[in-house]
Number of protein chains: 2
Amino acid sequence: MRDVAKLAGVSHQTVSRVLNDHPNVRAETRARVLEAMRSLNYRRNLAARTLVTRQSDTLGIIGFETTLFGPASMLYGIESAARDAGYMVSIASVRDLDRRQVLEAVDRLTQHSVDGVIAIAPKQSVTHALAQAPPSLQCVAVGGAGESDAAPTVSIDNALGARLATQHLLDLGHATVHHAAGPPDWPESVERIEGWRRTLYAAGAQVPPVEHGWWDAESGYAQGQALARDPSVTAIFCSNDRIALGVLRALHEAGKRVPDDVSVVGFDDMPDSGYFVPPLTTVHQDFGELGRRSLALLLEHMTSAADHQPPEQVLVAPELIIRASSGPSPGR
Amino acid sequence: MRDVAKLAGVSHQTVSRVLNDHPNVRAETRARVLEAMRSLNYRRNLAARTLVTRQSDTLGIIGFETTLFGPASMLYGIESAARDAGYMVSIASVRDLDRRQVLEAVDRLTQHSVDGVIAIAPKQSVTHALAQAPPSLQCVAVGGAGESDAAPTVSIDNALGARLATQHLLDLGHATVHHAAGPPDWPESVERIEGWRRTLYAAGAQVPPVEHGWWDAESGYAQGQALARDPSVTAIFCSNDRIALGVLRALHEAGKRVPDDVSVVGFDDMPDSGYFVPPLTTVHQDFGELGRRSLALLLEHMTSAADHQPPEQVLVAPELIIRASSGPSPGR
DNA sequence: TCGCCCGATGTGAGCGCGCACAGTGTACGG
DNA sequence: CCGTACACTGTGCGCGCTCACATCGGGCGA
């Protein structure tokens, strides 16, 4: 920077002003400085800037299961929104969502002086842990938990999605809708169950028992095999597309035709779910939007850190995508 | 730090020594300093450290299509290996792989003074761009291109994978193997084609013409429809699992049974490919290993920056996973 | 004409660390 | 008894930048 100042014939402070777009610099001077910067191929040292301003223009992301499509998409959404806002992002992945690991991740990010943290946080333990973070650090949770008491949250309206799926199947004439659920300790899973249950209840339909599983096709396959044995099952709402994939295979192997004998609906709208056999009716989540909204929320909280509003909560509406896997009830 | 020094009754330098594990500190002194750090809840300011040491303990990752399973897995592999090695990672995603965007990403990372860069770089344009990065910045490319002239590279042995798949089908008695390829300008796709072609050639089998497509199921579906029309097709090697998914659907809709009429083999071993209908025989890539190896290679190059070895190239061997989608040739 | 204000620029300090070097005390051999 | 060696600790400095303040000069109203 000193070299630039010397070459442009100004003081280092004027260079700094040009760098930071201060208004009170004569246009000609600014041009001369810019020219000097270019010819010296100067780049400012952000570490020094961070040292004095105490802000790094870097955001931290606490990632969980980021190899899965949903989290990976959120990550991408956050990163690209952050770039547009002039922020860099650093990642701290977490193998499990227990308090210790989350706090450790927050700590690593803090050490590297991030200005804020977005946690991909499908379980409540994360928001709880986040509440223990230094209060000067703004945190936002994105992903799972609807009801957050600690941190501001952005999530999909899972209950709405479940309602859309369930109602769609009821409208097709199915007497009731069975559910292949995700893990019981994930709020996303729980909220989808609730949405499904309430919709059935509102329609006066019988509410079948729920089997829990993991989020993958293996679990869906197991649940599907059980459901295929029950002849009264004509419609299955699956808690995500991977589970639906397993259910589809189980039904196929049991000789049940989809959608003629049984209708299946998923959740997520994974990239290729339109090419399952048959193409899967599912609930589309806009993960990119989720990322963008969470970034916006974080930035908002960062600028107005003084006034302590109650933690906000943003819900993003999902959308039902109707494909071939759902059709009229066979009895109709 | 000054406060810690005061509380422990030592100088700031001694505190620094404790922080950096210098040997020449009396055990008792070290304990006193550590105690002071704990009681003041002291964390060292890494920005200041970076400023003086000129290294940030941060690595940059240039990401491309990180919502897909493969890149997302590499990202995760790199990140977790980096954490174990004491590094933080920052991400710079890139929408397209043209030189400008890649250089821009390198620039952003450089500004934030990363110590090295790993590029998830399935196309050669990236390694070329990487060569233009400041020579002080160590770069490693991971993912696609076998033949790199510029940067050290870690990639899957695509040709080997293709050979395993093709040979497997030939061994089952198929007269030849058709190929549903990926995009023609991706080295991964090209190398798989080459491996497939060479295997057929070595076996004296006829080499069918190749159709190119994108990496998704939609493209596989289109290719599959064309292949289903040709009664001589009994075996199809797909350039990835998503293409295979589309091919499976096309075959199913055309009334072809898998594997009775046509065998299908994929590439990637995506999480749920074992639950396709039927479960997909495929070539397993260890993306996590890829990430770890690339990190190791980068660190190696960073420590011995002086001696300019020719750019290394690491190949990771894939593995054939045999499932139900491949079986004996119907004519046999 | 004088004084005042404001835009444009320069000066010095210090952010929190690690490095080079200078000290201090203790042990040991001559 | 002194000198040397070594283990341990302290002192100043500067990394590159921004902030608060000082300075300078010209335009404008009284």
Side-chain angles (χ1 to χ4, degrees), chain A residues 1-38 40-58 86 88 107-115 134 136, chain B residues 1-38 40-58 86 88 107-115 134 136:
Chain A
M1 182 157 129
R2 198 182 43 207
D3 300 339
V4 173
K6 202 182 303 173
L7 182 59
V10 297
S11 73
H12 64 118
Q13 174 59 6
T14 299
V15 177
S16 170
R17 273 191 270 260
V18 170
L19 237 33
N20 296 303
D21 281 327
H22 271 260
N24 293 346
V25 177
R26 199 157 37 126
E28 191 221 330
T29 310
R30 162 170 288 125
R32 218 168 57 237
V33 171
L34 287 173
E35 174 54 30
M37 297 202 300
R38 193 157 346 109
L40 291 178
N41 197 24
Y42 165 81
R43 349 238 64 183
R44 88 161 116 192
N45 183 324
L46 284 182
R49 178 181 218 264
T50 299
L51 182 58
V52 46
T53 60
R54 277 131 197 301
Q55 61 159 10
S56 58
D57 290 355
T58 299
M88 196 73 181
D107 196 65
R108 292 180 59 220
L109 292 170
T110 309
Q111 285 247 343
H112 286 261
S113 52
V114 296
D115 297 339
S136 58
Chain B
M1 181 158 129
R2 198 182 43 206
D3 300 339
V4 173
K6 203 183 302 172
L7 182 59
V10 296
S11 73
H12 66 113
Q13 176 58 7
T14 299
V15 176
S16 170
R17 273 191 268 260
V18 171
L19 237 32
N20 296 304
D21 280 328
H22 272 260
N24 292 345
V25 177
R26 199 158 33 130
E28 190 221 329
T29 311
R30 162 170 288 125
R32 217 167 58 236
V33 171
L34 287 174
E35 174 55 29
M37 297 202 299
R38 194 158 346 109
L40 291 177
N41 197 25
Y42 165 80
R43 349 238 64 183
R44 87 163 114 192
N45 182 325
L46 284 183
R49 177 181 220 263
T50 298
L51 183 57
V52 47
T53 60
R54 273 132 201 302
Q55 62 158 7
S56 58
D57 290 355
T58 300
M88 196 73 180
D107 196 65
R108 291 179 60 220
L109 292 170
T110 309
Q111 286 247 342
H112 286 261
S113 53
V114 295
D115 297 339
S136 58

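Every chain is numbered from 1 and lettered A, B, ... according to where its sequence line falls, protein lines coming before strand lines.
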Rounding to an integer number of Å, can you tell me how far [X] [atom1] sits from [N] [atom2]?
X        : N       : atom1 : atom2 : value
Arg54(A) : dG16(C) : CZ    : C1'   : 8 Å
Arg43(B) : dC17(C) : CZ    : C1'   : 16 Å
Arg2(B)  : dG18(C) : CZ    : P     : 16 Å
Arg49(B) : dC19(C) : CZ    : C1'   : 12 Å

side-chain hydrogen bond (donor to acceptor under 3.5 Å, both in side chains) involving Asn45(A) - partner list, sequence neighbours excluded: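 Expected list: none.
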4.5 Å side-chain heavy-atom contact, Thr58(A) and His112(B):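 Yes; the side chains approach each other to less than 4.5 Å.
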Should Arg30(B) and Arg26(B) count as side-chain neighbours, where that means a heavy-atom distance under 4.5 Å? no
What string of B, S and - do you get for nucleotides 5-14 of chain C, 5' to 3', when a contact is any protein heavy atom under 4.0 Å? ---SBBBB--
Distance under 4.0 Å to a non-hydrogen atom of chain B counts as contact; along DNA chain D, which nucleotides mark the start and end?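 From 5' to 3', the first and last contacting nucleotides are dC8(D) to dG16(D).
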Could you pull out the closest heavy-atom pair between Ser56(B) and Val114(B), with the gap in Å? OG-CA, 3.7 Å
Of all heavy-atom pairs between Val4(B) and Val33(B), which one has the smallest distance, and what is that distance? CG1-O, 4.1 Å
Pairing of Glu35(B) and Arg32(B) as salt bridge, 4.0 angstrom limit: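 Salt bridge: no.
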Rounded to the nearest 0.5 Å, how far does CE of Met37(B) lie from CG of Asp3(B)?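 Rounded to the nearest 0.5 Å, the CG-CE separation comes out at 13.5 Å.
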Between atom CG of Asp115(B) and atom OG1 of Thr50(B), what is the distance when rounded to the nearest 0.5 Å? 8.0 Å
